[in-house]
Asker: 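Please see the structure below; I have some questions.
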Number of protein chains: 2
Amino acid sequence: MERVFQALASTPRRKILAYLAHAELSAGDIAARFEMSKPAVSQHLSVLENAGLIKSEKRGQFVFYRLLPDALTNVLNGYVQEVCPVSRPLKAESRAIADKQRQSGD
Amino acid sequence: MERVFQALASTPRRKILAYLAHAELSAGDIAARFEMSKPAVSQHLSVLENAGLIKSEKRGQFVFYRLLPDALTNVLNGYVQEVCPVSRPLKAESRAIADKQRQSGD
DNA sequence: AATTTATTTAAGTAATTACTTATATACTTT
DNA sequence: AAAGTATATAAGTAATTACTTAAATAAATT
């Protein structure tokens, strides 16, 4: 959990997760979306991977990264539960989420 | 959101939130539960307060702190939604949460 | 009014984190 | 096998963060 919160405490890393939410991308694809150098992005990717939030797979010359959504949702929901065990807003929020998912045919 | 994730990326600060989940406590009460100096704890408290996660109220000589649970749940649930819009595990988790809340008579 | 108690602010330092450029590794193409 | 492309590792530096002790502020007690 420590590593997950550490990983999330960075805007570029949260941005990377957002990119990976919709598609699998290569390290280069991701780096191209940032101003900073490729090694800097590579370091962010390994922070995210060490936190268990993403997974890398080498295919040929490329390294593809994809999101592991369960890791994120489990840690964050688990944490909310721990700190706010009687959270009315969460209840409302989870209802809203369930509604959205029903709409999107899930 | 930036500030919330920043605030959560620290074990002592998450520990403070856990203490405040169950009771309102004075700055001194909180500091007494840590090894570090009172000013260090005071700084952690202001990081949490600037993130909107807790609120302070001065009563006489003491400053009492309490949790603002909505801030936490809204940010974390909102974020999970953003990054994992079709998260089956979240759905399962939110079901489990709802169950628990029903049990505890909420 | 002087002293004690609770807390914060200030100022400085040590530790950590986020970058940079340069170099190494490993595939792919010629 | 030589050259080019994709990525990571290494090494160093700048910026940030997490502490420390000392001093300031404010309320309570004597």
Asker: If you compare every side-chain N and O of B/Y65 against the phosphate oxygens of C/dA6 (OP1, OP2), does one of them come in below 4.0 Å?
Answerer: no
Asker: How many Å lie between CD on B/Q6 and C1' on D/dT16, as a whole number?
Answerer: 9 Å
Asker: Touch check for B/E35, heavy atoms < 4.0 angstrom, all strands: base, sugar-phosphate only, or nothing?
Answerer: nothing
Asker: Would you mind reading off the distance between A/L45 atom CG and D/dA8 atom C1', rounded to a whole angstrom?
Answerer: 11 Å
Asker: Taking the side chain of B/P39 as heavy atoms from C-beta outward, which of C/dA10, D/dC19, C/dT20 is closest to it?
Answerer: C/dA10
Asker: In terms of the nearest nucleotide of DNA chain D, which residue is placed more toward the 5' end: A/S46 or A/Q61?
Answerer: A/Q61
Asker: Please determine if a side-chain N or O atom of B/H44 lies less than 4.0 Å away from the OP1 or OP2 oxygen of D/dC19.
Answerer: yes
Asker: It should be established whether A/S37 places a side-chain nitrogen or oxygen under 4.0 Å from OP1 or OP2 of nucleotide C/dC19.
Answerer: no
Asker: Kindly indicate whether the side chain of B/F5, heavy atoms from C-beta on, has any atom under 4.5 Å from the side chain of B/L76.
Answerer: yes
Asker: CZ of B/F5 versus C1' of C/dT17: gap in Å, rounded?
Answerer: 19 Å
Asker: Between B/S26 and B/Q43, just flag the one whose closest nucleotide in DNA chain C comes earlier from the 5' side.
Answerer: B/S26
Asker: Between C/dT9, D/dT9, C/dC19, which nucleotide gets closest to the side-chain atoms of B/S42?
Answerer: C/dT9
Asker: Just how far, in rounded Å, is P of D/dT7 from CZ of A/F34?
Answerer: 15 Å
Asker: Run the salt-bridge test on A/E57 and A/K55 with the 4.0 Å N-O cut-off and return the result as yes or no.
Answerer: no
Asker: Linking I/L/V/M/F/W/Y whenever any side-chain heavy atoms sit under 4.5 Å apart, do A/I16 and A/F62 land together?
Answerer: no
Asker: To the side chain of A/M36, which of C/dC19, C/dA18, C/dT8 is closest?
Answerer: C/dC19
Asker: Look at all strands and tell whether A/A40 reaches a base, only sugar-phosphate, or nothing, counting heavy atoms closer than 4.0 Å.
Answerer: base
Asker: Take the protein atom CD of A/E57 and the nucleotide atom P of D/dA6, then report the distance between them rounded to whole Å.
Answerer: 19 Å
Asker: Starting from P on C/dT5, measure out to CG on B/D29 and report it in whole angstrom.
Answerer: 16 Å
Asker: Could you state the atom-to-atom distance from CZ of A/R3 to P of C/dT16 in whole Å?
Answerer: 14 Å
Asker: Which residue in the set B/V75, B/L72, B/L48 passes side chain to side chain contact (heavy atoms under 4.5 Å, CB included) when paired with B/L8?
Answerer: B/L72
Asker: Does a side-chain N or O of B/R13 approach OP1 or OP2 of D/dA18 to a distance below 4.0 Å, or not?
Answerer: yes
Asker: Using atom CG of B/N50 as one end and atom P of D/dA18 as the other, report the distance to the nearest whole Å.
Answerer: 13 Å
Asker: Is atom CZ of B/R14 surrounded by more than 12 heavy atoms (other residues, nucleotides or ligands) closer than 6.0 Å?
Answerer: yes
Asker: Taking the nucleotide of DNA chain C with the closest heavy atom to each, which residue, A/K58 or A/K38, is nearer the 5' end?
Answerer: A/K38
